[in-house]
Trainee: 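Right, I'll just put the structure down here and ask away after.
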Amino acid sequence: MKMGIFFLIATCVLSTAITSAQESDKDKPSASLQPPAMFTDLPAPTTTKPTATTKPTTTTKPTTTTKPTTTTKPTTTIKPTAVPGPTPSTNITMGNFTYLEGNTLYVMAQMILQVKVNDSKTRGTFIVQPNMTKTSGVIKKDSVSFTLTFKEGTITFNFQRNTTSKTVYVNSLHLNMTYAFTAGGKKTYIAKNESLDLFKAAIGHSYSCKNESISLGNEIYLEVTQDRVQAFNFTATNQFGQMDLCKADQPDYTVAIAVGIVLLILIVIVILAYICSRRRRSDGYQSL
């Protein structure tokens, strides 16, 4: 009986103590909290915004280009190269041709040049165009080889200076030309004359002639018109020297001389007739 009472009293005391302990715990502040006097103004917590997720780049679909319709080019028909015909006569032009070596003038020529072919198969005329012609030369002691070069070929004049006769002249002439005097008749013409006495003038003089034709053989002729030519010994200002005319252009006094002789004979006849008539008259009278 005593043990029961003691157990009951002990139980009551224990429950009372537990109850008081729980109440005291409620009155105390939480251990994680500090008293008000100990708080400081702390910066607001930085709220990091979540990084915006970049949207994946939308890949543009390649534009499907429609291939242009391939048009077949028309076949270009290559026309055959036109064969040149004779040079029109309207293109006749006076040429001024010179050859200098350094500052020394060796040849100066003013002329119209035409190449004529007159054989059984070909007949035609080629006119040398001065604006399409270049000059060159080879100088020796007393000679100069003067060459005119054009698209169709070359013409070479060989000038010789003769100190014994004191004259300058062309002693040979060469032609090399490829040309079609008729449609479809393109042909190479090679001709020369090495026994000439052409453009002859005194040293320091110029040669002049209105028109002359030089035969190169094989019915090939070089027609030279309105020419004035000189080689070597120019004036101090590189001008033509005194003019020596060709025989065809020299004044012909033959007719004048013949007319003068005839007139003289007539005068003599008249005088003789007059003298004879006077004598007859004087013989008819007798002195008294």
Side-chain angles (χ1 to χ4, degrees), residues 89-90 92-97 107-119 123-125 127-128 155 157-173 175 191-235 239-288:
S89 58
T90 54
I92 293 179
T93 307
M94 169 71 73
N96 293 294
F97 308 105
V107 178
M108 183 161 61
Q110 295 177 350
M111 61 179 73
I112 297 171
L113 292 175
Q114 301 178 72
V115 178
K116 290 188 177 181
V117 177
N118 189 19
D119 58 22
R123 290 187 180 183
T125 301
I127 303 169
V128 176
I155 299 174
F157 301 87
N158 293 306
F159 287 88
Q160 182 67 44
R161 178 170 55 186
N162 190 324
T163 55
T164 303
S165 62
K166 296 181 180 181
T167 56
V168 179
Y169 56 94
V170 171
N171 60 5
S172 65
L173 178 60
L175 169 71
K192 62 183 178 179
N193 189 335
E194 296 183 336
S195 58
L196 292 172
D197 197 21
L198 183 65
F199 304 154
K200 192 171 186 177
I203 293 177
H205 289 198
S206 61
Y207 173 89
S208 177
C209 197
K210 293 180 181 178
N211 190 10
E212 51 195 326
S213 180
I214 304 116
S215 175
L216 300 177
N218 299 323
E219 298 299 324
I220 301 173
Y221 301 89
L222 180 65
E223 301 288 336
V224 185
T225 309
Q226 299 178 13
D227 56 310
R228 188 172 184 185
V229 182
Q230 183 175 343
F232 300 109
N233 302 92
F234 289 89
T235 64
Q239 300 295 322
F240 284 118
Q242 181 180 333
M243 186 185 298
D244 290 350
L245 297 175
C246 63
K247 291 182 179 180
D249 292 350
Q250 290 176 1
D252 189 358
Y253 299 105
T254 304
V255 175
I257 292 172
V259 172
I261 292 172
V262 170
L263 290 175
L264 182 59
I265 293 171
L266 290 176
I267 292 171
V268 171
I269 293 172
V270 170
I271 293 173
L272 291 174
Y274 175 75
I275 292 172
C276 292
S277 64
R278 286 293 300 263
R279 284 182 179 180
R280 289 176 183 176
R281 288 180 183 178
S282 61
D283 291 342
Y285 295 97
Q286 294 180 358
S287 57
L288 298 173

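Starting from 1, each residue takes its place in the sequence as its number. From a predicted model like this one, the values you see are computed outputs, not experimental measurements.
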Trainee: Mind checking whether Gln110 and Val229 have side chains closer than 4.5 Å, heavy atoms only?
Mentor: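 A side-chain contact is absent here, since even the closest heavy-atom pair is not under 4.5 Å.
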Trainee: Does any part of the side chain of Tyr221, heavy atoms only, come nearer than 4.5 Å to the side chain of Leu175, both counted from C-beta?
Mentor: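 No, too far: nothing below the 4.5 Å cut-off.
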Trainee: Please tell me if the side chains of Phe199 and Asp227 come closer than 4.5 Å, counting only heavy atoms from C-beta onward.
Mentor: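 Counting from C-beta outward, Phe199 and Asp227 do come under 4.5 Å.
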Trainee: Could you walk me through whether Gln226 and Met94 pass the side chain to side chain contact (heavy atoms under 4.5 Å, CB included) check?
Mentor: CA-CA 8 Å; Gln226 299 178 13; Met94 169 71 73; 3.4 Å; yes
Trainee: Taking the side chain as every heavy atom from C-beta outward, state whether Phe234 and Met108 have any atom pair closer than 4.5 Å.
Mentor: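 A side-chain contact exists here, since the closest heavy-atom pair is under 4.5 Å.
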Trainee: For a 4.5 angstrom cut-off between non-hydrogen side-chain atoms, does Leu216 reach Leu173?
Mentor: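 Yes; the side chains approach each other to less than 4.5 Å.
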Trainee: Using 0.5 Å steps for rounding, measure from the CD1 atom of Ile220 to the CG atom of Asp119.
Mentor: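 So the gap between those two atoms works out to 7.5 Å.
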Trainee: Out of the candidates Ile261, Val259, Ile265, only one should pair with Leu263 under the side-chain contact (heavy atoms from CB on, under 4.5 Å) rule; please name it.
Mentor: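 One option only clears the test, and that one is Val259.
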Trainee: Please round to the nearest 0.5 Å and tell me the distance separating atom OG1 of Thr125 and atom CD1 of Ile92.
Mentor: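 Between Thr125 OG1 and Ile92 CD1, I get 8.5 Å after rounding to 0.5 Å.
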Trainee: Any side-chain donor-acceptor pair under 3.5 Å between Ser213 and Glu223?
Mentor: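 Per modelled atom types, Ser213 and Glu223 side chains form a pair under 3.5 Å.
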Trainee: Find the distance between CG (Asp244) and NZ (Lys200) and round it off to the nearest 0.5 Å.
Mentor: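 Result: 11.0 Å between the selected atoms.
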Trainee: With a 4.5 Å heavy-atom cut-off, do Glu212 and Leu198 have their side chains touching?
Mentor: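 Touching, per the 4.5 Å side-chain cut-off.
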Trainee: At what distance, to the nearest 0.5 angstrom, does CG of Asn162 lie from CD1 of Ile203?
Mentor: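 Asn162 CG to Ile203 CD1: 7.5 Å, rounded to 0.5 Å.
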Trainee: Take Ile155 and Val115 through the side chain to side chain contact (heavy atoms under 4.5 Å, CB included) test and state the conclusion after the steps.
Mentor: CA-CA 10 Å; Ile155 299 174; Val115 178; 4.3 Å; yes
Trainee: Side chains of Ser195 and Asn193: do they bring a donor and an acceptor to under 3.5 Å?
Mentor: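 Note: Ser195 and Asn193 side chains meet the donor-acceptor criterion.
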Trainee: Any side-chain to backbone donor/acceptor pair from Gln230 onto Gly241? Under 3.5 Å, distance only.
Mentor: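 Yes.
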Trainee: Let's go through Leu113 and Ile127 carefully: what are the C-alpha distance in whole Å and the side-chain angles of both, what is the deciding distance for side chain to side chain contact (heavy atoms under 4.5 Å, CB included) to 0.1 Å, and is it a yes or a no?
Mentor: CA-CA 6 Å; Leu113 292 175; Ile127 303 169; over 6 Å; no
Trainee: CD of Gln250 to CG of Leu245: how many Å apart, nearest 0.5 Å?
Mentor: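 So the CD of Gln250 and the CG of Leu245 are separated by 6.5 Å.
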Trainee: Check ring-ring contact (aromatic ring centres under 6.0 Å, His included) between Phe159 and all other residues, then give those that pass, not counting sequence neighbours.
Mentor: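 With neighbours one apart ignored, the set is empty.
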Trainee: Evaluate the criterion side-chain hydrogen bond (donor to acceptor under 3.5 Å, both in side chains) for residue pair Arg228 and Ser208; output intermediate values, then yes/no.
Mentor: CA-CA 4 Å; Arg228 188 172 184 185; Ser208 177; 5.7 Å; no
Trainee: Are Asp197 and Asn171 side-chain neighbours, meaning at least one heavy-atom pair lies under 4.5 Å?
Mentor: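 No, their side chains stay 4.5 Å or more apart.
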Trainee: To the nearest 0.5 Å, what is the distance between OH (Tyr207) and CE (Met111)?
Mentor: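 Atom-to-atom, Tyr207:OH and Met111:CE are 10.0 Å apart.
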